[in-house]
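Structure record follows, encoded as structure tokens.
Naming convention: chains lettered A, B, ... in sequence-line order (proteins, then strands); numbering from 1 in each chain.
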Amino acid sequence: MDYKDLAELIFPNAKDISYYEEKYPERNLPEGAIVTRFAPSPTGFVHIGGLYQALVAIECAKRTKGVFFLRVEDTDQKREVENGVTGIVNSLIDFDMEPDEGMISDTEEKGEYGPYKQSLRKEIYQAYAKYLISQGKAYPCFCTPEDGEEIRKKQEEAKIRPGYYGVWAKCRNLSVEEAIQKIKNGEQYIIRFKSPGREDRKIKHKDIIKGNVDFPENDLDIVIIKADGLPTYHFAHAVDDHLMHTTHVIRSDEWLSSVPLHLQLFQELGFKAPKYAHISPIMKNDNGGKRKLSKRKDPEAAVEYYKKEGIPPLAVKEYLLNIANSTFENWRRANPDKSIDEFDFQLNKMSVSGALFDMVKLLDIGKTVISKMTAEEVYEKSLKWAEEYDAKLAEILKNKEYALKVFGIERGNKKPRKDISKWSDVMYNIEYMYDEIFYGKEQEYPYQPAISNKEEIKDILNSYIEKYYNEEDDKQTWFDRIKALAVEKGYAGEVKEFKANPGKYKAHVGDVSTVLRVALTSRTNTPDMYEIMKVLGKDRIQKRFEKAIECLK
RNA sequence: GGCCCCGUGGUCAAGCGGUUAAGACACCGCCCUUUCACGGCGGAGUCAUGGGUUCGAUUCCCGUCGGGGUCACCA
């Protein structure tokens with residue numbers, strides 16, 4: 001009896017691996033094309049770090065006319081969440097990061113290299129496990145989880161390296177006959193890889209991001225097929241990325257220390273190993289210390305958070321790209337209007353250490369991104385956001401024609417306003433332009449100390465609307481009239497003049513403007529008042545003044 | 001604890017043996033200006049530490065310290 005008999009006994013129905021080798025031929029891609037993937041567990045939750053990885057992967061694939069695919073790693077059934085895959089796919093779509101192939105929902109997929117869901121690939125893994133067993137490179141292990149625990153305990157007590165290896169790997173040296181007998185006796189088992197490695201030897205690995213890294217060889221007989229018949233991550237990774245012809249494995253750097261094992265697996269399976277790029281995680285400052293953004297503690301760890309806040313996906317991507325390649329920022333300054341797809345992303349220029357997440361910077365990028373949009377775009381996007389997250393905003397945005405005027409204020413010129421960094425800022429930015437909200441609020445007029453006399457304010461307001469305001473005026477004329485009003489009432493027409501001779505005037509034209517502004521908007525700081533008045537129109541201006549005067553009493 | 005990775009201003013970072021050590025965000029000041037934002041100009045602030053190597057180290061080597069990762073029938 002030999003290894004083949006053992007393999008046959010364990011996986012009687014498994015196909016020969018040549019079947020799969022033929023079924024999934026080499027991809028027909030241009031020279032240098034990168035085939036890579038995003039391979040999350042279907043928890044339905046996409047971590048910002050996952051999005052980051054996916055973005056990097058997409059940039060690589062796009063740049064080389066390669067392939068980016070989505071594979072679902074659901075070999076741990078405990079982690080399975082209902083509709084988890086759809087959730088992930090939708091998040092990618094939200095960010096305009098749709099994969100070229102792979103899963104497109106919980107049950108559907110596209111592409112020739114599937115299934116893209118590992119739980120559906122059971123027989124494939126078993127075929128390769130069978131192959132390994134028949135070669136004497138894997139074996140059934142009859143140790144129970146409790147046995148494993150016991151071994152670890154002993155190792156800990158003896159202060160030696162824990163794990164299933166060397167003399168501790170009890171089942172490794174079972175003869176084929178013994179193994180067959182145990183199986184026939186109905187003993188439960190799992191399949192372990194028979195590692196040819198030695199801990200006292202080093203291997204060299206060149207990681208695209210981390211550079212040269214030396215490790216001790218792997219000598220652990222890790223399990224490749226679990227009791228439930230599904231593979232472990234390591235085995236699935238080797239089989240899948242081989243069969244799917246992945247050229248570059250781009251993943252979080254928590255996997256870096258598994259590289260010796262993975263390389264060994266590829267070697268023993270007779271596969272060509274992919275290139276690896278291990279990305280540093282995005283960190284967060286946690287009083288003094290650094291730690292990974294945590295799903296439990298940090299809301300911003302979830303991609304869903306950005307959607308809820310209304311931070312434009314493009315802003316998130318630009319921010320992430322900036323962490324990935326800091327040259328992006330300079331490129332962006334030089335090419336403010338180009339698509340990010342034109343940026344020459346370099347995998348090997350990625351930072352080796354983990355960056356601290358900087359929300360302030362993200363929001364700054366958000367401001368710039370939104371400032372470049374047309375009023376129409378701002379309208380569409382904020383409405384879409386509002387429909388999902390802010391019913392009141394959605395309601396006031398119904399009148400598109402008017403909303404466009406409001407969003408058009410100081411927009412589209414060479415120096416557009418930058419005061420909206422996310423869609424959830426919109427309400428605050430525009431609410432006073434809507435009468436239903438303006439009059440609905442408890443009226444407060446924060447007049448400035450420069451002009452605080454009630455009669456004075458009333459006089460300025462009345463004079464302005466009666467004698468000085470003319471809807472037809474261009475901006476220069478409009479402001480000249482405000483100056484004339486100021487002068488008439490004994491204020492300096494120029495701020496400079498006032499500063500030069502402060503004793504000569506009650507205050508200056510700026511203070512007069514503030515009176516108008518506050519009456520109009522109940523705010524001291526607003527965008528350009530000329531444009532605001534244009535949008536409001538004379539009737540509404542008059543009404544607001546009347547209301548302001550009324551409130552003075 | 002073993003193994004591995006990392007350490008330039010508050011943050012992201014360029015730099016790779018000789019630089020006044022880029023740039024961005026944040027901060028401060030000034031200018032522009034009817035407010036605010038924008039924009040422009042300027043400012044403060046950094047090579048973790050100790051030893052080497054070298055004519056010369058932020059750059060190379062070693063130690064120390066600090067941070068992170070990993071040691072599952074989880075991924």
Side-chain angles (χ1 to χ4, degrees), chain A residues 39-41 43 73-76 78-79 118 141 143-145 148-149 152 156 159-164 189-192 199 205 207 209-211 213-216 220 222-228 230-234 236-237 251-260 278 280-281 283 285 288-292 319 322-323 325-330 332-333 349 351-365 367-368 371 410 413-420 448 479 482-483 486 494-495 508-518 521 523-530:
Chain A
S41 295
T43 57
E73 313 230 317
D74 61 342
T75 56
D76 183 11
K78 296 185 291 279
R79 271 157 91 133
Q118 290 181 331
C141 169
C143 295
T144 63
E149 201 108 321
R152 196 172 326 135
E156 258 167 48
K159 293 203 162 128
I160 52 175
R161 190 166 52 96
Y164 204 83
Y189 61 92
I190 52 168
I191 309 298
R192 297 190 103 106
E199 214 249 350
H205 163 63
D207 193 86
I209 295 170
K210 304 280 180 185
V213 190
D214 294 350
F215 284 105
L220 262 27
I222 58 116
V223 352
I224 57 175
I225 302 286
K226 301 181 286 182
D228 61 6
L230 286 167
T232 53
Y233 170 84
H234 307 105
H237 155 50
R251 62 183 7 173
S252 159
D253 75 357
E254 69 199 52
W255 293 108
L256 186 60
S257 55
S258 300
V259 164
H278 287 93
S280 308
M283 317 286 282
N285 197 321
K290 261 186 174 183
R291 53 153 238 260
K292 273 207 266 189
Y319 174 66
N322 188 248
I323 291 182
N325 273 189
S326 68
T327 49
F328 174 79
E329 210 164 40
N330 293 331
R332 176 45 92 208
R333 275 164 71 79
K349 293 235 178 90
S351 165
V352 269
S353 50
L356 245 31
F357 186 82
D358 187 348
M359 184 60 87
V360 175
K361 184 141 185 169
L362 203 205
L363 258 19
D364 179 74
I365 294 174
K367 262 195 232 174
T368 305
S371 76
E410 284 191 78
N413 47 3
K414 52 270 145 236
K415 291 201 296 184
R417 274 197 91 72
K418 289 188 175 179
D419 48 10
I420 301 174
Q448 299 297 285
F479 192 58
I482 292 180
K483 281 184 188 173
E494 301 288 343
V495 179
H508 58 76
V509 64
D511 299 311
V512 174
S513 290
T514 299
V515 169
L516 302 178
R517 169 174 284 111
V518 169
T521 64
R523 292 189 185 177
T524 51
N525 304 331
T526 72
D528 184 65
M529 191 159 60
Y530 173 74

Residue pair [X] / [Y]: nearest heavy atoms and the distance that separates them:
X: A/R417; Y: A/P527; value: NH1-CA, 3.4 Å
X: A/G354; Y: A/K290; value: O-NZ, 3.1 Å
X: A/R517; Y: A/T524; value: CD-O, 3.1 Å
X: A/P231; Y: A/T75; value: O-CB, 3.4 Å
X: A/H508; Y: A/G510; value: ND1-N, 2.9 Å
X: A/T526; Y: A/T521; value: CG2-OG1, 3.4 Å

Measure [atom1]/[X] against [atom2]/[N] and give the value in whole Å, please.
X: A/Q118; N: B/C74; atom1: CD; atom2: C1'; answer: 12 Å
X: A/I323; N: B/C12; atom1: CD1; atom2: C1'; answer: 7 Å
X: A/N413; N: B/C32; atom1: CG; atom2: P; answer: 21 Å
X: A/I482; N: B/U34; atom1: CD1; atom2: P; answer: 11 Å
X: A/D511; N: B/C36; atom1: CG; atom2: C1'; answer: 15 Å
X: A/L220; N: B/C73; atom1: CG; atom2: C1'; answer: 14 Å
X: A/F328; N: B/A24; atom1: CZ; atom2: C1'; answer: 12 Å
X: A/E494; N: B/U33; atom1: CD; atom2: C1'; answer: 11 Å

What is the nucleic acid contact for [X], judged by heavy atoms within less than 4.0 Å: base, sugar-phosphate only, or nothing?
X: A/N330; result: base
X: A/V495; result: sugar-phosphate
X: A/D214; result: sugar-phosphate
X: A/L356; result: sugar-phosphate
X: A/A227; result: base
X: A/F215; result: sugar-phosphate
X: A/E329; result: base
X: A/R161; result: nothing
X: A/R332; result: nothing
X: A/K415; result: base
X: A/S41; result: sugar-phosphate
X: A/T75; result: sugar-phosphate

How far does the [atom1] atom of [N] sit from the matching atom of [M], given to the nearest Å?
N: B/A26; M: B/C12; atom1: P; answer: 16 Å
N: B/C27; M: B/G10; atom1: P; answer: 16 Å
N: B/A21; M: B/A14; atom1: C1'; answer: 10 Å
N: B/C4; M: B/G29; atom1: C1'; answer: 47 Å
N: B/G69; M: B/G15; atom1: C1'; answer: 27 Å
N: B/G67; M: B/A44; atom1: P; answer: 32 Å
N: B/C65; M: B/U19; atom1: C1'; answer: 29 Å
N: B/G42; M: B/C6; atom1: P; answer: 37 Å

What's the closest nucleotide to the side chain of [X] if the choices are [options]?
X: A/R152; options: B/U34, B/C73, B/C4; answer: B/C73
X: A/K367; options: B/C38, B/U34, B/C71; answer: B/C38
X: A/P145; options: B/C73, B/G23, B/U34; answer: B/C73
X: A/E410; options: B/C3, B/C74, B/A37; answer: B/A37
X: A/V213; options: B/C25, B/A75, B/C4; answer: B/C4
X: A/K210; options: B/C5, B/U34, B/C74; answer: B/C5

*Classify the side-chain pair A/S280/A/K210 by whether it contains a donor and acceptor separated by less than 3.5 Å.*
yes
Strand partner of [N], provided both Watson-Crick or wobble distances fall under 3.5 Å:
N: B/U53; result: none
N: B/C25; result: B/G10
N: B/C3; result: B/G69

Side-chain N or O of [X] versus OP1/OP2 of [N]: is the shortest distance under 4.0 Å?
X: A/K418; N: B/G39; answer: yes
X: A/R523; N: B/C36; answer: no
X: A/S351; N: B/A13; answer: yes

From [X] [atom1] over to [Y] [atom2], what is the distance, rounded to the nearest 0.5 angstrom?
X: A/D74; Y: A/Q118; atom1: CG; atom2: CD; result: 6.5 Å
X: A/E329; Y: A/I323; atom1: CD; atom2: CD1; result: 10.5 Å
X: A/T327; Y: A/N322; atom1: OG1; atom2: CG; result: 8.5 Å

Report all interatomic pairs (protein N or O, nucleotide N or O of nucleotides 7-9 of chain B) with separations under 3.5 Å.
none

*Looking at B/A26, does its base get a donor-acceptor pair with the side chain of A/K361 below 3.5 Å?*
no
*Is there a donor and acceptor pair closer than 3.5 Å between the side chain of A/R417 and the base of B/C38?*
no
Between the protein and nucleotides 65-70 of chain B, which nitrogen or oxygen pairs come in under 3.5 angstrom?
{"residue": "B/G68", "atom": "OP1", "partner": "A/K290", "partner atom": "O", "Å": "2.8"}
{"residue": "B/U70", "atom": "O4'", "partner": "A/S257", "partner atom": "OG", "Å": "3.4"}
{"residue": "B/U70", "atom": "O2'", "partner": "A/S257", "partner atom": "OG", "Å": "3.3"}

_If you define the side chain from C-beta out and look only at heavy atoms, does anything of A/S258 sit under 4.5 Å from A/Y233?_
no
*How about A/F479 and A/V509: do any of their side-chain heavy atoms sit closer than 4.5 Å?*
yes
*asked:* Quick check on RNA chain B: between A/N525 and A/Y233, whose nearest nucleotide comes earlier from the 5' end?
replied: A/N525
*Can A/F479 be classed as stacking with the base of B/U34, given a centroid separation cut-off of 5.5 Å and a plane angle cut-off of 30°?*
yes
*side-chain hydrogen bond (donor to acceptor under 3.5 Å, both in side chains) partners of A/R523, counting only residues at least two apart*: A/E431
*asked:* Below 30° counts as parallel, above 60° as perpendicular, anything between as tilted: where do the rings of A/F357 and A/Y319 land?
replied: perpendicular
